[in-house]
Every structure is written in structure tokens, then in C-alpha cells.
There are 2 protein chains.
Amino acid sequence: MYESNKNEPIASLTIADSICNKLQTAIVEGIIPSGSKISEPALANQFGISRGPLREALSRLEACKLIERKPNVGARVISLTRQHLVEIYLIRESLEGLAARQAAKNMSDKELNEIDVLLDKHEQHIKQDQSYYQKEGEMDFHCRIIKGSRNNHLIEMYINDLYHLIRLYRYQFGMVSKRVPRAFVEHGQIVDAIRQHDGELAQFLMTRHIRSSRRTVEKMLDEHLAISD
Amino acid sequence: MYESNKNEPIASLTIADSICNKLQTAIVEGIIPSGSKISEPALANQFGISRGPLREALSRLEACKLIERKPNVGARVISLTRQHLVEIYLIRESLEGLAARQAAKNMSDKELNEIDVLLDKHEQHIKQDQSYYQKEGEMDFHCRIIKGSRNNHLIEMYINDLYHLIRLYRYQFGMVSKRVPRAFVEHGQIVDAIRQHDGELAQFLMTRHIRSSRRTVEKMLDEHLAISD
DNA sequence: TAATGCAATATTGTTGACAATTTGTCTTTT
DNA sequence: AAAAGACAAATTGTCAACAATATTGCATTA
């Protein structure tokens with residue numbers, strides 16, 4: 001019996017899992033708008049399932065802070081605010097800095113080569129079409145550094161919780177800026193530092209990279225949009 | 001009608017909430033031992049409730065990583081390992097460093113004075129009885145710095161998730177060390193830096209404080225206990 | 001007319017039963 | 001005797017109905 005047993009589970013086994021994933025992308029992409037109330041009966045028969053697994057899915061969405069629940073009242077998608085966005089960026093500066101430092105210790109050559117391939121691909125995409133890079137490429141890079149830290153708790157915190165929030169703000173605020181080429185260069189610098197096992201430098205560069213990104217976003221929000229504080 | 005409407009909810013309103021709290025302390029205090037399997041039917045009629053709210057509580061325990069669940073198999077209390085403990089300490093170094101830096105910006109004089117009172121109380125307790133300080137006092141201090149950061153997302157991450165894990169390891173590994181007096185001094189230094197609005201220094205001191213604590217613990221684990229890696 | 005209180009409605013929380021999956025045991029086979 | 005397979009028991013996942021709470025609208029009253 002030839003088991004093709006990749007560590008990846010083939011598909012979302014339980015309904016709650018499946019629904020949770022669908023709701024995550026629905027919220028990220030604004031199909032369920034931020035701030036809107038979530039009706040359990042409505043969603044349940046919209047997906048053709050019972051309220052049981054739906055509530056389980058909502059629990060997980062609450063855990064990764066995509067929704068807020070009040071007892072006996074219900075669930076709402078979180079409201080996007082400038083302050084919250086800044087809070088997340090500050091946390092990212094901190095955690096991804098740590099990740100970069102640890103990645104310089106623990107990341108394998110194989111992983112680094114794969115990142116090289118990724119960055120090459122990004123370079124091509126940037127020359128033609130910025131949108132891809134902005135939407136997925138950037139986060140892809142950051143996730144790999146996180147994974148390279150070998151800190152499983154950090155990896156879970158990031159992939160399960162923070163990741164979705166970051167994507168949410170990215171989508172909803174449509175963050176595209178002149179920083180894309182600059183960010184690309186900074187990614188290269190970070191990889192270099194990791195390759196040389198210079199943890200301190202990698203941490204410094206990563207922290208600064210995200211801080212720059214944060215400031216660009218803050219400026220953008222101040223100028224362009226009058227988003228409720 | 002004189003509403004004594006403190007922002008605190010009077011009691012855990014929903015059963016799931018109540019059970020979740022009970023399970024958290026049960027796990028932290030080892031009443032439900034780490035690594036043990038959790039039987040839903042058993043727990044349910046042990047608490048005299050149905051499996052519905054119990055599962056909701058388990059979902060939250062999974063969210064704060066006190067238990068691990070596998071689909072169609074069940075839930076287990078996490079196994080305590082040296083590596084996991086180190087991972088958490090590294091995350092704390094990072095996040096509490098950030099918190100201290102932000103606290104230097106945002107913490108009010110009132111809060112600082114309250115911490116002074118707290119530290120005085122600690123000093124008394126240390127002179128008589130180290131156990132109190134180790135068990136709750138230390139975490140109390142750290143929580144206040146976190147709250148002083150005014151970063152709500154960070155506060156929730158810490159209070160809802162990390163906090164319980166830290167307490168869990170504290171209880172189970174019975175961490176008492178000669179560092180207690182030293183740690184007390186370091187707490188004072190951190191408060192001083194915050195009071196002077198020296199964010200960089202506060203961050204540096206907090207990070208170093210936790211790093212020292214981590215190294216003490218690592219050494220302790222290497223010497224005394226042969227805990228499974 | 002505005003505010004208050006009550007009743008009706010709708011939503012969430014909880015329960016117990018049913019379905020699907022896994023685990024353990026026993027039999028069968030090589 | 002060991003391994004494979006089938007059956008049985010137990011556990012988890014899911015469902016639909018019931019209870020409790022919150023919200024809404026209306027009527028009543030000041």
C-alpha cells in the first residue's frame with residue numbers, strides 16, 4: 001500500500017474547519033463586510049449546515065480576532081480602525097524581528113534557496129504587475145521567515161491569528177504604495193543577513209522594514225482616507 | 001436608579017465561559033494533568049452540563065493553546081517541554097519589551113503609583129515568604145506593564161492566551177529561584193525607566209529581565225530535572 | 001409629545017439524540 | 001505465532017428542538 005502521506009491533511013475534515021476557512025476568506029475579502037453583524041441562523045442555512053459547527057467556526061474566528069462576540073447578543077465582524085492597524089504593526093515589528101533573529105540561527109540552506117526563488121519570482125512580477133506582489137507575495141515572504149524561526153508557538157500565533165488580520169487590512173485598505181520596490185530590496189537584505197547567520201542584523205533589518213511599512217501606511221491613512229479613529 | 005455599572009461583567013454569564021475558567025485553573029494547577037486526554041462525556045457530566053457548552057469551552061482552551069485537538073480523535077492537555085517553555089520566553093522577551101517601550105509613552109502617573117504600591121507589597125512578602133511573590137506577584141507586575149502599553153491587541157493576546165501558559169509552566173515546574181531578590185530590583189528599574197518616559201531603556205531592561213529569567217530556568221531544567229525534550 | 005413599561009418577536013445558549021469516525025478486540029488466515 | 005481483517009464499543013461530529021436572554025414595537029401614561 002503506497003501511502004502518499006504528506007504531512008498536510010488532504011482536506012478540511014470537519015465541517016467546522018471548512019466553514020471557518022470559508023468565513024475567513026469571506027471576511028478578508030469583504031464579502032462579509034467589517035462591522036456587520038453575523039446572524040447564526042442566516043449563515044447556517046446559507047451554508048446548508050446546522051448551527052453547531054457554525055458556532056464552532058465562529059469560536060475560531062473569535063480566537064483569531066476576526067469577529068467579536070458578546071454573550072446573548074451575537075457576533076460582529078471587527079471594525080477596522082487606524083489604531084488597531086498600528087497596534088498590529090507594532091506587534092509585527094516585535095515578533096517578526098524575533099523571527100528573523102532566530103531564522104538566522106535555524107534556517108536551512110534549502111529554505112534560503114527557496115526564498116531566493118521566491119524573490120526572483122517577485123522581481124519578475126513587480127516589473128510587470130505590482131498587484132500580485134502586494135496581495136500574496138509579501139505575506140508569503142514574511143511567513144517563510146516566521147517558519148524559519150523554528151519557534152512553533154510563534155509560528156502558530158502568526159499563521160493562525162495575525163496572518164488573517166494582516167491580510168484583512170491589506171485587502172480592505174487596498175495598500176499599494178511606491179514602497180514596493182524599496183520593500184523588495186529590504187527583503188533581499190534580510191535574506192542576506194540570515195544567510196550570513198547575523199541574527200542581530202536580521203532582526204534590526206526586519207524590524208526597520210516593518211516600521212517603514214507602518215509609517216508609510218500611517219501617512220497614507222492620514223492623507224488619503226478619513227478613516228474613523 | 002443607581003447603576004453600579006463597572007465595566008467588569010459581574011460574573012461569567014454563559015456556562016461555556018464559566019467552565020472555560022474552571023478548566024483553565026484546573027489545567028494550570030495540574031488537577032487535569034498535562035498530556036492527559038480529555039473525555040467530553042466524562043467532563044460534561046462531571047460538571048453537570050451538556051457537551052455543547054463544554055465543546056465551546058474546549059475551543060477556547062485550544063485557542064489559548066492549553067489543549068490540542070485532533071478531529072475525530074479528541075483533546076489532550078498540552079505536554080510541557082523544555083523547548084516549548086523556551087519558545088514562550090522568547091516571545092515574552094519580544095512582546096513585553098514592546099509593551100515596556102509603549103508603557104513609557106502611555107502609562108499614567110496613577111498607574112505608576114499603583115505599581116509602586118504593588119512593588120512595596122512584594123518587598124514585604126519577599127522578606128517573609130517567597131511563595132506569594134513567585135506565584136502571583138510576578139505575573140501581576142508583568143500584566144500591568146502590558147496593560148500600560150495601551151495596545152489592546154497586545155493586551156488581549158497576553159491576558160487571554162500567553163498568560164495562562166506562563167502560569168501553567170510556573171506551577172508545574174515549581175519555579176522558585178535565588179533570582180527573586182534580583183528580579184525585584186529589576187522590576188524597580190523598569191518602573192523607573194517608564195516613569196522617566198525612557199522607552200528605549202524600559203524596553204532594554206524588560207527584555208534583559210525576561211532573558212535572565214529564561215536563562216535561570218534553562219539552567220535549572222538542565223541541572224535538576226531531566227524533563228523530556 | 002416624550003418617556004416609560006409591557007408584550008411580542010427574534011436571537012442566542014443549551015440540551016439530548018443521532019450519525020460518522022476511530023479505537024480496541026477478536027477471529028481468521030498464512 | 002504473527003499479521004491482517006472484520007466486528008464491536010466508545011468517542012467525536014452534527015443535528016434539530018427547547019429554554020433563556022435581548023431587542024423591537026406598541027400601548028400607556030405623565
Side-chain angles (χ1 to χ4, degrees), chain A residues 1-3 5-24 27 32-33 35-63 65-79, chain B residues 1-24 27 32-33 35-63 65-78:
Chain A
M1 200 198 293
Y2 291 94
E3 279 286 355
N5 200 354
K6 292 280 184 184
N7 284 358
E8 299 290 332
I10 312 298
S12 305
L13 293 158
T14 164
I15 291 181
D17 264 314
S18 164
I19 298 294
C20 178
N21 291 335
K22 287 181 186 174
L23 288 177
Q24 277 173 337
I27 291 174
I32 303 176
S36 66
K37 185 166 187 321
I38 289 178
S39 165
E40 292 183 6
L43 261 187
N45 57 21
Q46 179 177 329
F47 283 110
I49 59 167
S50 163
R51 277 178 56 218
L54 176 66
R55 282 171 65 85
E56 178 106 13
L58 291 182
S59 283
R60 297 186 201 175
L61 295 182
E62 186 186 19
K65 301 186 195 307
L66 287 179
I67 68 172
E68 288 173 339
R69 284 173 119 182
K70 286 182 185 174
N72 292 311
V73 172
R76 307 193 82 90
V77 180
I78 60 159
S79 300
Chain B
M1 202 197 291
Y2 293 94
E3 279 285 356
S4 75
N5 200 352
K6 292 279 187 186
N7 285 358
E8 300 290 334
I10 312 299
S12 305
L13 294 157
T14 165
I15 291 180
D17 264 313
S18 163
I19 298 294
C20 178
N21 291 335
K22 287 180 185 173
L23 288 177
Q24 277 173 336
I27 290 173
I32 304 177
S36 66
K37 184 164 188 321
I38 290 178
S39 164
E40 291 183 7
L43 261 188
N45 57 21
Q46 179 177 330
F47 283 110
I49 59 167
S50 162
R51 275 178 58 219
L54 176 66
R55 283 171 65 86
E56 178 105 14
L58 292 182
S59 283
R60 298 187 199 175
L61 295 182
E62 186 186 19
K65 301 185 195 308
L66 288 178
I67 68 173
E68 288 172 339
R69 285 173 118 182
K70 286 182 186 175
N72 291 311
V73 173
R76 307 192 81 90
V77 180
I78 60 160

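Order of the sequence lines fixes the chain letters, A, B, ..., with proteins taken first and strands second; residue numbering starts at 1 for each chain.
- Summarising the geometry, the separation between CD1 on Ile15(B) and C1' on dG13(C) is reported as 8 Å, rounded to the nearest angstrom.
- Comparing Ser39(B) and Ile49(A) against DNA chain D, the residue whose closest nucleotide sits nearer the 5' end is Ser39(B).
- Atom CD in Glu56(B) sits about 11 Å away from atom C1' in dT12(C), given to the nearest Å.
- Using a 4.5 Å heavy-atom cutoff, the side chains of Ser59(B) and Glu56(A) are in contact.
- Of the side-chain N and O atoms in Thr14(A), one or more sit less than 4.0 angstrom from OP1 or OP2 of dT14(D).
- In this structure, the CG atom of Leu54(B) is 13 Å from the P atom of dG16(C), given to the nearest Å.
- Checking dT15(C), dG13(D), dG13(C) against the side-chain heavy atoms of Pro53(B) singles out dT15(C) as nearest.
- Contact annotation for Gly74(A): backbone-only contact, meaning every heavy-atom pair under 4.0 Å involves sugar-phosphate atoms and none involves a base.
- Here dT12(D) is the nucleotide among dT12(C), dC15(D), dT12(D) with the atom lying nearest to any side-chain atom of Arg51(B).
- In this model, the phosphate group of dT12(C) is not approached by any side-chain N or O of Arg55(A) to a distance below 4.0 Å at OP1 or OP2.
- One can place CZ of Arg76(A) at 13 Å from C1' of dT11(C), the figure rounded to the nearest angstrom.
- For the pair Val77(A) and Leu66(A), the minimum side-chain heavy-atom distance is 4.5 Å or more.
- In terms of heavy atoms, Ala57(A) sits closest to Leu23(A) at CB-CD1, 4.5 Å.
- When rounded to the nearest whole Å, the span between CG of Leu58(A) and C1' of dT14(C) equals 16 Å.
- Residue-level contact check: Ile19(B) touches neither bases nor backbone, having no heavy atom under 4.0 Å from any strand.
- Taking the charged nitrogens against the carboxylate oxygens, Arg76(B) and Glu68(B) have no contact shorter than 4.0 Å, which rules out a salt bridge.
- Between the NZ atom of Lys37(A) and the P atom of dT23(D) there is a distance of 9 Å, rounded to whole Å.
- Look at CD on Glu40(B): it is 15 Å from P on dT14(C), rounded to the nearest Å.
- Comparing dT14(D), dG13(C), dA22(D) by their nearest atom to the side chain of Val73(A) picks out dA22(D).
- Rounding to whole angstrom units, CZ of residue Arg69(A) and C1' of dT12(C) are separated by 9 Å.
- OP1 or OP2 of dT11(D) has not a single side-chain nitrogen or oxygen of Lys70(B) nearer than 4.0 Å.
- Under a cut-off of 6.0 angstrom, the local environment of NZ in Lys37(B) is crowded, with over 12 non-hydrogen atoms contributed by other residues, nucleotides or ligands.
- Distance from the side chain of Ser50(B) is smallest to dG16(C) among dT12(D), dG13(C), dG16(C).
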